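These numbers were taken from a predicted model, which means no experiment stands behind them. All chains are named by letter (A, B, ...) in the order of the sequence lines, taking the proteins before the strands, and each is independently numbered beginning at 1. Because only heavy atoms are used, hydrogens play no part in the values below, and waters and symmetry mates are left out as well, while side chains stay in.
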Protein chains: 2
Amino acid sequence: MDIPKQIRDCGLRATLPRVRVLQLFHEHPGKHLSADDISHLLANEKINVILPTVYRVLMQFADANILIRHTFDAERAVFELNEGSHHDHLICTKCGRVDEFIDEAIERRQKAVAQQRRFVLQTHTLTLYGLCAQCASRVR
Amino acid sequence: MDIPKQIRDCGLRATLPRVRVLQLFHEHPGKHLSADDISHLLANEKINVILPTVYRVLMQFADANILIRHTFDAERAVFELNEGSHHDHLICTKCGRVDEFIDEAIERRQKAVAQQRRFVLQTHTLTLYGLCAQCASRVR
DNA sequence: GTGTATGCAAAGAGTTTGCAGCACT
DNA sequence: AGTGCTGCAAACTCTTTGCATACAC
């Protein structure tokens, strides 16, 4: 995957902050990273990218549909690579782990609910909160 | 409904801010109000309740399960009366209107998805975004 | 009277913006 | 060479907290 090219294809210049941020997402597949996470990861590599720049880059990538922005809890936004396939999330309230799932039956029912109310569906978010298998077995 | 009593039953004193805030929710059934909304509504009645107090009261009511706190978009939290029955939401991205729905098939599938992954379900949020019937007909 | 709740002021966290100089194309 | 991008500083929004006074019980 040619990351600079992918960036240029969005009409953006392939600058160091943009390349490294996008690489980070490819290096952490399935991870949901916040602006702060990214800032720290870059700092660890001794790359000096300031937080406002991280926000700007993330916002541009989200606008370009390279990333998807989620706000699971209200405190902070997290981003993940847009692999093209929609999915919903399972979040562990103990360890913060985020898993993904897709259930066609639920998707169909959602469309039915919307149609029944003459509601033109654009997007949806479904998030299940609870204890992941590991945390659940540790608790009891 | 004796509002002061309901408040005292939570172990809280029936003060003016608490009584008026809870009354507001009863006066606006089905509405989802933010701290700012409430502050303005109270200001209109010439009741001087400062924003931090509104936040404190809302937080206490949410802790007492009188209210439910939602964070549909990340910008601000909104609250609604807890009528005891779970439901999901349809939000119009044009006019901001919030409707509620419940679909047993979706609820069942969610439990199945969680169980299949040995995930101990605590809560979930499902929100459909799109155009409500009115806005949809106005657009085209 | 006692202890809790409020008003006020200020702090905090996450995020956004203005601007001047630097870097990608 | 020119325009877009970044760093820096500061602002902004929503929310929380500390403290002294005021009120509910």
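- Along DNA chain D, the nucleotide closest to B:R69 and the one closest to A:R18 are compared, and the more 5′ of them pairs with A:R18.
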- Task: Given side-chain hydrogen bond (donor to acceptor under 3.5 Å, both in side chains), test A:S34 with A:D37 step by step and report yes or no.
- Result: CA-CA 5 Å; A:S34 69; A:D37 293 336; 3.1 Å; yes
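- B:D9 pairs by the salt bridge (Lys or Arg N to Asp or Glu O under 4.0 Å) definition with B:K5, not counting sequence neighbours.
- The other members of the hydrophobic cluster of A:L128, by chain and number, are A:L90, A:F101, A:I106, A:V113, A:F119, A:L121, A:L126, B:L90, B:F101, B:I106, B:V113, B:F119, B:L121, B:L126, B:L128 (side-chain heavy atoms under 4.5 Å, ILVMFWY only).
- Taking the salt bridge (Lys or Arg N to Asp or Glu O under 4.0 Å) definition, one finds that B:E104 meets it with nothing, sequence neighbours left out.
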Taking distance alone, no hydrogens or angles, what donor-acceptor pairs closer than 3.5 Å link side-chain atoms of residues 52-60 of chain A to residues at least two apart or in another chain?
| from | atom 1 | to | atom 2 | distance (Å) |
| --- | --- | --- | --- | --- |
| A:Q60 | OE1 | A:R18 | NE | 3.2 |
| A:Q60 | OE1 | A:R18 | NH2 | 3.3 |

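- With sequence neighbours excluded, no residue forms a salt bridge (Lys or Arg N to Asp or Glu O under 4.0 Å) with A:R8.
- Rounded to whole Å, atom C1' of D:dT15 lies 17 Å from atom CG of B:L33.
- Under the salt bridge (Lys or Arg N to Asp or Glu O under 4.0 Å) criterion, A:R109 pairs with B:D103, sequence neighbours left out.
- Sorted by first and then second residue, the side-chain hydrogen bond (donor to acceptor under 3.5 Å, both in side chains) pairs involving residues 111-123 of chain B (not counting sequence neighbours) are A:T93-B:Q122.
- Residue B:N48 is in sugar-phosphate contact alone, with no base atom involved, counting any heavy-atom pair closer than 4.0 Å across all strands shown.
- No more than 12 heavy atoms of other residues, nucleotides or ligands lie within 6.0 Å of NE2 in B:H40, so this atom counts as exposed by the packing criterion.
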- Protein heavy-atom contacts under 4.0 Å, written 5' to 3' over nucleotides 18-25 of chain D as B (base), S (sugar-phosphate only) or - (none), form the string B-----BS
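- Note: CD (A:E75) to C1' (D:dC14) measures 12 Å, nearest angstrom.
- Counting Ile, Leu, Val, Met, Phe, Trp and Tyr side chains that sit under 4.5 Å apart, directly or through other members, A:I102 stands alone, with no cluster partners.
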Please output the side-chain donor-acceptor pairs of residues 70-81 of chain A that fall under 3.5 Å, not counting sequence neighbours, one pair per line with the distance.
| from | atom 1 | to | atom 2 | distance (Å) |
| --- | --- | --- | --- | --- |
| A:H70 | NE2 | A:E80 | OE2 | 2.6 |
| A:E80 | OE1 | A:H32 | NE2 | 3.2 |
| A:E80 | OE1 | A:H87 | NE2 | 3.3 |
| A:E80 | OE2 | A:H87 | NE2 | 3.1 |
| A:E80 | OE2 | A:H89 | NE2 | 3.3 |

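- The footprint of chain A on DNA chain C, defined by a heavy-atom cutoff below 4.0 Å, extends from C:dG14 to C:dT25.
- Looking at heavy-atom distances under 4.0 Å, A:A77 makes contact with sugar-phosphate atoms alone, never a base.
- Comparing the axis of the opening five pairs of the helix from C:dG1-D:dC25 to C:dT25-D:dA1 with that of the closing five pairs yields an angle of 40°, rounded to 10°.
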